Asker: 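First the structure, then my questions, so here it is.
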Amino acid sequence: MQNLRAAAAAAGGAAAGVRFSTVNTMGVMAQSDPPSTGAFHPDITPQVQGILSFLSKTGAPFMINPYPWFAYQSDPRPDTLAFCLFQPNAGRVDAGSKIKYTNMFDAQLDAVKSAMVRAGYGNVDIVVAETGWPTRGDAGEPGASVENARAYVSNLVAHLRSGAGTPLMPGRPVETYLFALYDEDLKPGPASERSFGLYHTDLSMAYDAGLAGAGAAAPAAGQPRGGGGGGWCVARDGASDAELQADLDYACAQVGVDCGAIQPGGACFEPNTVRAHAAYAINQLYQAAGRHPWNCDFRASATLTSDNPSYGACVYTGGGQ
C-alpha cells in the first residue's frame, strides 16, 4: 500500500488523490460477541495497527468482509437465522454497551469498530468489501437457499438505503459491496462456495433482490420506495399473538417506521389488540422497505392483500401509491 501510494503521488494529477487499502476477513477478530468486546487477535495486532496507522494518515477506509451466513453456520437456530436475515426477532442486548441489536450485520460491524477503537484508530472509516448469502449448499450447510439469499440481500439493501447506519456508527450507511455478481462454478470446496451469485453462470437470474433501480436516490424516511408489488401487508390468519407481538416490536424499531398511530390516542389505537397493532406496523415496514413480496414474509406470520385494511380515521399506507 505504501509503495502504491508513493507511485500514485509521483504520477501526479488525479492519481495523486487515489486512496489505497486492503481487505480483511472477520478472521482478524479474536472476539466479536458481544460487539462491545470486539478485539483483534493479539498475534496480528501489531500488523493490523500498522495498517490502521497508514489508513488513518491517508484517509483510506478499513475494509472488512462480514458474513452473517458463517455466523449462522456456527449457531443454526431459528432465532439466529432471523437475526442474520434482518427478519423479526427478539434482538440481542450487548451487556457491555446495553445496546439492543436487531441484526447480525450491524453487530459484526460494531464489533470491528470496537476493535479499531481499542487499537487506537476509531477515527478510520469502515467499508464492507464483500458480503452475501448462498442460494444452495451441501447437506451439512443449513440455511443455504434461494429464499434466504433473497431475504438477506434485499433486507440488507433496504437497511443500507434507510441511512440508519449501525448503533456505533449511526446516521451514515456503511459503503457495502455484494458478493457476488455471478456463481463461481469451478471454485473448490462446499457447494455454498460456488453459489453466492445474483446470477448463474448461464446468465440467468438466481433471484430478484429488488436491486433494479437501486441507484436512484432513496426517498425520505417512511415513504414507499416504489418498484414493489403494491397492496398492503397484514397479519396472516392463524398467526399467534406471540408471533405478531414479535413482528410488532421488530417493525416499530426500524428506521422509517412510524408507529405513532397505534399509540394511545392515535387514529389506529382501537381496536387495542396485538393483531390490529401488528397489522398496522408490519404494513408500515413493508411500504418503507420497498413493497416487494419478500418484505411481507415476517416468517410466514404476514400476508399480502389487495383489500384496503384502512377503517374510519385509521389510514394504511399502500395500494397504488
Side-chain angles (χ1 to χ4, degrees), residues 1-10 15-75 80 83-84 92-99 101 103-133 152 156 159-160 164-180 187 189 192-193 196:
M1 288 189 294
Q2 291 172 339
N3 290 341
L4 287 169
R5 184 168 183 268
V18 174
R19 296 179 299 165
F20 296 89
S21 186
T22 188
V23 179
N24 305 274
T25 72
M26 288 295 288
V28 299
M29 302 291 290
Q31 177 72 28
S32 61
D33 185 25
S36 63
T37 64
F40 296 118
H41 272 292
D43 55 342
I44 62 169
T45 293
Q47 290 86 349
V48 174
Q49 286 184 316
I51 292 173
L52 287 169
S53 175
F54 171 82
L55 300 177
S56 179
K57 292 175 183 177
T58 61
F62 185 76
M63 305 183 79
I64 192 74
N65 295 350
Y67 276 89
W69 152 254
F70 292 117
Y72 175 62
Q73 293 308 290
S74 64
D75 182 20
T80 301
F83 189 68
C84 290
R92 300 183 179 183
V93 177
D94 184 323
S97 65
K98 309 305 180 185
I99 293 172
Y101 286 87
N103 67 82
M104 182 67 76
F105 182 80
D106 283 357
Q108 289 183 326
L109 289 188
D110 278 2
V112 174
K113 173 58 74 172
S114 294
M116 293 167 64
V117 170
R118 279 191 169 81
Y121 293 97
N123 64 308
V124 176
D125 287 335
I126 293 176
V127 165
V128 174
E130 58 177 77
T131 188
W133 197 280
Y152 177 72
L156 169 63
H159 179 58
L160 294 170
T166 74
L168 295 186
M169 297 176 284
R172 52 190 184 94
V174 177
E175 184 175 339
T176 299
Y177 295 85
L178 295 176
F179 183 86
K187 196 173 184 179
S192 61
E193 286 294 307
F196 276 85

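Counting begins at 1 with the first residue of the sequence. Bear in mind that the values here come from a model prediction, so they are computed numbers and not experimental data.
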Asker: Once you round to the nearest 0.5 Å, how far does CE of Met104 lie from OH of Tyr152?
Answerer: 10.0 Å
Asker: Quick one, Leu52 with Phe40, criterion side chain to side chain contact (heavy atoms under 4.5 Å, CB included). Give me CA distance, side-chain angles, the key distance, then yes/no.
Answerer: CA-CA 12 Å; Leu52 287 169; Phe40 296 118; 4.0 Å; yes
Asker: Considering only heavy atoms from C-beta outward, does the side chain of Tyr101 approach that of Val93 to under 4.5 Å?
Answerer: no
Asker: Heavy-atom distance under 4.5 Å between the side chains of Arg19 and Pro61, does that happen here?
Answerer: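 Yes. Closest side-chain heavy atoms under 4.5 Å.
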Asker: Do Arg92's NZ or CZ and the ring of Phe83 fall within the cation-pi criteria of under 6.0 Å and 45°?
Answerer: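 Flagged: Arg92 positioned over aromatic ring of Phe83.
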Asker: What I'd like to find out is whether the side chain of Leu178 reaches to under 4.5 Å of the side chain of Glu130, using heavy atoms alone.
Answerer: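 No; the side chains remain at least 4.5 Å from each other.
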Asker: Show the numbers, then the answer: is there a side chain to side chain contact (heavy atoms under 4.5 Å, CB included) between Asn103 and Cys84?
Answerer: CA-CA 6 Å; Asn103 67 82; Cys84 290; over 6 Å; no
Asker: How many angstroms lie between atom OG of Ser21 and atom CE of Met1, to the nearest 0.5 angstrom?
Answerer: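 Spacing of OG (Ser21) from CE (Met1) equals 6.0 Å.
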Asker: Between Arg172 and Asp125, does any side-chain N to carboxylate O distance fall below 4.0 Å?
Answerer: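 Yes, Arg172 and Asp125 are salt-bridged.
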Asker: Determine whether a donor-acceptor pair (N or O, by modelled atom type, separation under 3.5 Å) exists between the side chain of Asp110 and the backbone of Pro35.
Answerer: no
Asker: Let me see the working for Ser114 and Leu168 under side chain to side chain contact (heavy atoms under 4.5 Å, CB included), right down to the final yes or no.
Answerer: CA-CA 8 Å; Ser114 294; Leu168 295 186; 3.6 Å; yes
Asker: Measure up the Trp133 and Trp69 rings against each other and bin them: parallel (under 30°), tilted (30 to 60°), perpendicular (over 60°).
Answerer: perpendicular
Asker: Begin from the C-alpha positions of Arg5 and Val18 and carry the test side chain to side chain contact (heavy atoms under 4.5 Å, CB included) through to its verdict.
Answerer: CA-CA 8 Å; Arg5 184 168 183 268; Val18 174; over 6 Å; no
Asker: For Thr131 and Tyr177, what are the C-alpha separation, side-chain angles and deciding distance, and is it a side chain to side chain donor-acceptor pair (under 3.5 Å)?
Answerer: CA-CA 7 Å; Thr131 188; Tyr177 295 85; over 6 Å; no
Asker: Could you measure the distance from the CE atom of Met63 to the CG atom of Leu55? Nearest 0.5 Å is fine.
Answerer: 10.0 Å
Asker: For a 4.5 angstrom cut-off between non-hydrogen side-chain atoms, does Phe105 reach Thr166?
Answerer: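 Phe105 vs Thr166: side chains apart.
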Asker: With no hydrogens and no angle check, just 3.5 Å: does a side-chain donor-acceptor pair link Gln108 and Tyr67?
Answerer: no
Asker: Is there a side-chain contact between Val128 and Pro66, using heavy atoms and a 4.5 Å cut-off?
Answerer: yes
Asker: With a 4.5 Å cut-off on side-chain heavy atoms, are Phe62 and Val23 touching?
Answerer: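 Val23 does not reach Phe62 side chain to side chain.
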Asker: Strictly by side chain to side chain donor-acceptor pair (under 3.5 Å), give each pair with a member in residues 35-58 just once, sequence neighbours left out.
Answerer: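 Of all non-adjacent pairs touching residues 35-58, those that pass side chain to side chain donor-acceptor pair (under 3.5 Å) are Gln31-Thr37, Ser36-Asp94, Ser56-Asn123.
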Asker: I want to check something: taking the side chain as every heavy atom from C-beta on, are Met116 and Val48 in contact at a cut-off of under 4.5 Å?
Answerer: no
Asker: Does the side chain of Ile126 reach to within under 4.5 Å of the side chain of Leu109, using non-hydrogen atoms?
Answerer: yes
